[in-house]
Amino acid sequence: MDRSLGDLGAVSGPARVAGPGEGIGADELGLATRNHGLPLEALRYDVTPPGLHYVLVHYDIPDTDAEDWRLTVGGRVLRPLEVDLAALRDLPVVTRRVTLECAGNGRARLTPRPVSQPWLVEAVSTAEWTGVPLAALLDAAGVAEDAVEAVFTGADHGVERGVEQDYRRSLPLATAADPGRDVLVAYGMNGAPLPPQHGSPLRLVVPGWYGMAHVKWLREITLTATPYTGFQQSTAYRLRQEPGEPGEPVTLIAPRALLAPPGFPDFMTRARVVRPGPVPLTGRAWSGHGPVVRVEVSEDGGAAWTDAEVVPDPAHPWAWAAWRTTWTATPGLRHLAVRATDATGRVQPLAAPWNRGGFANNLVQRVEVLCAPEPEDRGPSGTP
Ligand SMILES: Nc1nc2c(c(=O)[nH]1)N[C@H]1C(S)=C(S)[C@@H](COP(=O)(O)O)O[C@H]1N2
Ligand SMILES: [Mo]
């Protein structure tokens, strides 16, 4: 159960919003060093290589033991289950390539800035998850007629805004039990057992949903006859303008395209340097609402747009699509921008969609590029 521990912060209060001009504080820097993003050059890989997948952990990575692990399925079910890893491996197995994105991706670009994990745009990655379809597991347990939600509990424990809790989230039963939505109880990532930071030995994978739904270190599934209202469901992960309002829940991933950084970087600013002439531009685009149907690129900060080629992979409907185009760079400072449109007509906005938690900010990406001719002498002496 969630319980109040008010001495450690506002009790279930709203997240704090930074004051005017307030920079990233030591607490946020601490979060940023624990929770790393995808190095953007790794957008080149269809499947993010081990160790480069972004990580977000609210509390500590728990001390788990795959040998002794038990997953329980209870609550409003006909036959409560308790299964170990061997029993799960005996059930039907599927592998799905899924793009995962943190709901807070883009938060640090908001003004005023919600104080939390300060992602820019790099909290996204793609992995191949192997496990049991949740629908099959629920079938084995038998869903009671009055069940409306499935609640998922992780083995990690902590305090958040004064509330002591296990990490716990729910899904509507219509999503959890729908074989077509491909929700998985995963024990494998990229062909190997889950690493500690990604949920070893078991995690939920909910294709198309923002990261918070993919409960790691999964130890308990409970079907309920009433909607779950714990901290991570009703206090966190809501789209609110004002602290007091209930807000809309954060669910499916909004469309976004990212550019794999062209040329080479400036160490501090990450601005790019390219040579004049044709420059291949490539990247990834995704949406939880449906396939991305259009990616556009601008070289003047979003005044004029031209279409890039989107290369969807029908074998992997839950994974990002590649996109590509060729840009003819001319000397000077250029402001590239890129934006995606999905099959539902959702398009990335040119102004950031602000909310108090800093969720689902899918503002178009802007990348500063200096186009500079080749230097005449590149020898190690540094003198021509
Ligand atoms: N048990 C548990 N599950 C969790 C979290 C957590 O802190 N505890 N973080 C969630 C959030 S906010 C995100 S974005 C994803 C990140 O998954 P990854 O670290 O495997 O990329 O895990 C989700 N599942
Ligand atoms: Mo997240």
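Residue numbers start at 1 and run along the sequence shown. Worth saying up front: this structure is predicted, and the values here are computed from it rather than measured.
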**Message:** For Asp90, I'd like to know if atom CG has over 12 heavy atoms of other residues, nucleotides or ligands within 6.0 Å.
**Reply:** yes
**Whether Arg203 side chain and Leu218 backbone form a donor-acceptor pair below 3.5 Å** = no
**Item:** Atom pair CG (Leu259) and CZ (Arg272), whose distance is rounded to the nearest 0.5 Å
**Value:** 8.5 Å
**Asked** Any side-chain donor paired with an acceptor under 3.5 Å for His157 and Asp166?
**Response** yes
**Asked** Does the side chain of Asn362 come within less than 4.5 Å of Pro353's, by heavy atoms?
**Response** yes
**Asked** Has the side chain of Glu28 got a donor or acceptor atom that lies under 3.5 Å from a matching backbone atom of Ala26?
**Response** no
**Item:** Worked check of side chain to side chain contact (heavy atoms under 4.5 Å, CB included) between Val183 and Val205
**Value:** CA-CA 6 Å; Val183 181; Val205 173; over 6 Å; no
**Message:** Check Arg294 with Glu296, please: is the shortest side-chain N to carboxylate O separation under 4.0 Å?
**Reply:** yes
**Request:** Rounded to the nearest 0.5 Å, what's the gap from CG on Leu56 to CZ on Arg34? Could you check?
**Result:** 9.5 Å
**Prompt:** Crowded around Glu67 CD? As in, over 12 foreign heavy atoms under 6.0 Å?
**Reply:** no
**Message:** Using 0.5 Å steps for rounding, measure from the OG1 atom of Thr282 to the CZ atom of Arg44.
**Reply:** 9.0 Å
**Asked** Can a donor-acceptor pair be found between the side chains of Glu149 and Ser170 at a distance below 3.5 Å?
**Response** yes
**Request:** Check whether the side chains of Tyr54 and Glu101 place a donor and an acceptor atom closer than 3.5 Å, and report yes or no.
**Result:** no
**side chain to side chain contact (heavy atoms under 4.5 Å, CB included) between Lys216 and Tyr167, worked out** = CA-CA 9 Å; Lys216 301 191 272 193; Tyr167 189 89; over 6 Å; no
**Request:** To the nearest 0.5 Å, tell me how far Asp146 CG sits from Leu223 CG.
**Result:** 9.5 Å
**Message:** Has Arg284 got a side-chain atom pairing as donor or acceptor with Leu43's backbone, closer than 3.5 angstrom?
**Reply:** yes
**Request:** Please examine the side chains of His198 and His53, heavy atoms only from C-beta on, and report whether any two atoms are closer than 4.5 Å.
**Result:** yes
**Asked** For Arg240, does the CZ atom sit with more than 12 other heavy atoms under 6.0 Å from it, leaving out its own atoms?
**Response** yes
**Asked** Distance-only, no hydrogens or angles: does the Asn105 side chain make a donor-acceptor pair with backbone N or O of Glu122 under 3.5 Å?
**Response** yes
**Prompt:** Do Trp318 and Asp182 have side-chain atoms, one donor and one acceptor, less than 3.5 Å apart?
**Reply:** yes
**Request:** May I have the step-by-step check of side chain to side chain contact (heavy atoms under 4.5 Å, CB included) for Asp307 and Val295, ending in yes or no?
**Result:** CA-CA 6 Å; Asp307 277 288; Val295 171; over 6 Å; no
**Message:** Using modelled atom types and a 3.5 Å cut-off, is there a donor and acceptor pairing between side-chain atoms of Thr222 and backbone atoms of Gly74?
**Reply:** no
**Message:** When you measure from the side chain of Arg346 to the backbone of Pro255, do you find a donor-acceptor pair of N or O atoms at a distance under 3.5 Å?
**Reply:** no
**Request:** Please confirm whether the backbone N or O of Phe231 pairs with a side-chain atom of Asp2, one donor and one acceptor, at under 3.5 Å?
**Result:** yes
**Prompt:** Taking atom types as modelled, is there a side-chain donor on Glu128 or Asn190 under 3.5 Å from an acceptor on the other?
**Reply:** no
**Message:** For a quick check under 3.5 Å, do Thr175 and Asp178 share a side-chain donor-acceptor pair by atom type?
**Reply:** no
**Request:** State the CG-CZ distance between Leu204 and Arg169, to the nearest 0.5 angstrom.
**Result:** 10.5 Å
**Item:** Student check: side-chain heavy atoms of Leu134 and Ile221 closer than 4.5 Å
**Value:** yes
**Item:** Leu137 vs Val73 side-chain heavy atoms within contact, under 4.5 Å
**Value:** yes
**Asked** Counting N and O atoms only, with roles assigned by atom type, does the side chain of Tyr210 sit under 3.5 Å from a partner on the main chain of Ala254, one being a donor and the other an acceptor?
**Response** yes
**Asked** What distance separates Thr64 OG1 from Arg219 CZ, expressed to the nearest 0.5 Å?
**Response** 12.5 Å
**Asked** Is the shortest side-chain N to carboxylate O distance from Arg16 to Glu22 below 4.0 Å?
**Response** yes
**Prompt:** Mind checking whether Tyr237 and Phe359 have parallel, tilted or perpendicular rings, split at 30° and 60°?
**Reply:** tilted
**Request:** Report, as yes or no, whether the 6.0 Å neighbourhood of atom CZ on Arg324 holds more than 12 heavy atoms from other residues, nucleotides or ligands.
**Result:** no
**Message:** Tell me whether the count of non-hydrogen atoms from other residues, nucleotides or ligands lying under 6.0 Å of CD in Glu245 goes above 12.
**Reply:** yes
**Message:** What verdict does the side chain to side chain contact (heavy atoms under 4.5 Å, CB included) test give for Trp320 and Asp313, after you've listed the backbone C-alpha separation in whole Å, the side-chain angles of each residue and the deciding distance to 0.1 Å?
**Reply:** CA-CA 9 Å; Trp320 55 25; Asp313 185 346; over 6 Å; no
**Asked** Mind checking whether Val310 and Trp286 sit in one hydrophobic cluster, side chains of I, L, V, M, F, W, Y counted as touching below 4.5 Å?
**Response** no
**Asked** Linking I/L/V/M/F/W/Y whenever any side-chain heavy atoms sit under 4.5 Å apart, do Val206 and Trp129 land together?
**Response** no
**Prompt:** Within the distance-only criterion (no hydrogens, no angle test), does the side chain of Arg96 pair as donor or acceptor with the backbone N or O of Ala319 below 3.5 angstrom?
**Reply:** no
**Item:** Hydrophobic cluster membership, Val367 vs Leu258, 4.5 Å side-chain cutoff
**Value:** no
**Request:** Scan side-chain atoms only and decide if His335 and Glu299 contain a donor-acceptor pair under the 3.5 Å cut-off.
**Result:** no
**Message:** Please tell me whether Ser234 and Thr229 have a donor and an acceptor in their side chains that are separated by less than 3.5 angstrom.
**Reply:** no
**Asked** Does one hydrophobic cluster hold both Val83 and Leu194, with members joined at side-chain heavy-atom distances below 4.5 Å?
**Response** no
**Prompt:** Do Thr126 and Thr99 have a side chain donor and acceptor closer than 3.5 Å?
**Reply:** yes
**Same apolar cluster (I L V M F W Y, side chains within < 4.5 Å links), Val185/Trp209** = yes
**Message:** So does Ile253 get a backbone contact from the side chain of Arg256, meaning a donor-acceptor N/O pair under 3.5 Å?
**Reply:** no
**Request:** Please determine, by modelled atom types, if Gln348 and Gln365 share a side-chain donor-acceptor pair under 3.5 angstrom.
**Result:** no
